[in-house]
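To start, the structure itself, in structure tokens.
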Amino acid sequence: MTLALNQVAQTLQLSPEKLWRESLRAYLSRQQRALQIDIADLQDRYGVVTVNELARQIEQGEIYSHPAWEDLIEWENLLAHLQRLEQLEATVA
């Protein structure tokens, strides 16, 4: 892998470190966008903007609890993963 990284870096006239950093940023950004799309799908499905709105509507019986509870848990997991990716992105200097 190091050989390929060095070859690409040389071809692009970048240092291997800069190419590696930019590649990490691009990967993390792409993963964040994918999570945001999944979150947007849930927002559209239930007509809410936040996970708290969905929870409130489930609790008040405005939305049938199944499969909404499972989707709420998925949404919370997506948000947690998104936060981890944002924290990682902040460490890539």
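The two residues Glu89 and Ser29 make their nearest non-hydrogen contact at OE2-CB, 4.4 Å.
Going from atom CZ of Arg21 over to atom CG of Leu14 covers 10.0 Å, rounded to the nearest 0.5 Å. Once rounded to the nearest 0.5 Å, the distance linking OG of Ser23 with NZ of Lys18 reads 11.0 Å. To the nearest 0.5 Å, the span separating CD on Glu74 from CG on Asp41 amounts to 9.5 Å. We find the CD-CD distance between Gln36 and Gln43 to be 10.0 Å, quoted to the nearest 0.5 Å. Between the CG atom of Leu35 and the CZ atom of Arg30 there is a distance of 12.0 Å, given to the nearest 0.5 Å. The line from CG of Asp38 to CG of Asp71 is 11.0 Å long, rounded to the nearest 0.5 Å.
No donor-acceptor distance shorter than 3.5 angstrom exists from the side chain of Gln57 to the backbone of Ile63, with no hydrogens or angles considered. Proximity of a side-chain donor or acceptor of Glu53 to a complementary backbone N or O of Thr50 within less than 3.5 Å is detected.
Around CD of Glu76, the count of heavy atoms belonging to other residues, nucleotides or ligands within 6.0 Å exceeds 12.
Hydrophobic clustering of Ile, Leu, Val, Met, Phe, Trp and Tyr side chains at less than 4.5 Å, counting indirect connections, keeps Leu54 apart from Ile73.
Using a 4.0 Å cut-off between a side-chain N of Lys or Arg and a carboxylate O of Asp or Glu, Arg25 and Glu22 qualify as a salt bridge.
A heavy-atom distance below 4.5 Å is not found between the side chains of Val92 and Trp20. Two residues are said to be in side-chain contact when any heavy atoms from C-beta on lie closer than 4.5 Å; Leu78 and Leu42 meet this criterion. Inter-residue side-chain proximity for Leu88 and Leu24 is flagged as unmet; no heavy-atom pair is nearer than 4.5 Å.
Side-chain contact, Gln32 with Glu86: no donor N or O sits under 3.5 Å from an acceptor N or O.
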Output, in order, the C-alpha distance, side-chain angles, deciding distance and verdict of side-chain contact (heavy atoms from CB on, under 4.5 Å) for Val51 and Tyr46.
-> CA-CA 10 Å; Val51 72; Tyr46 293 102; over 6 Å; no
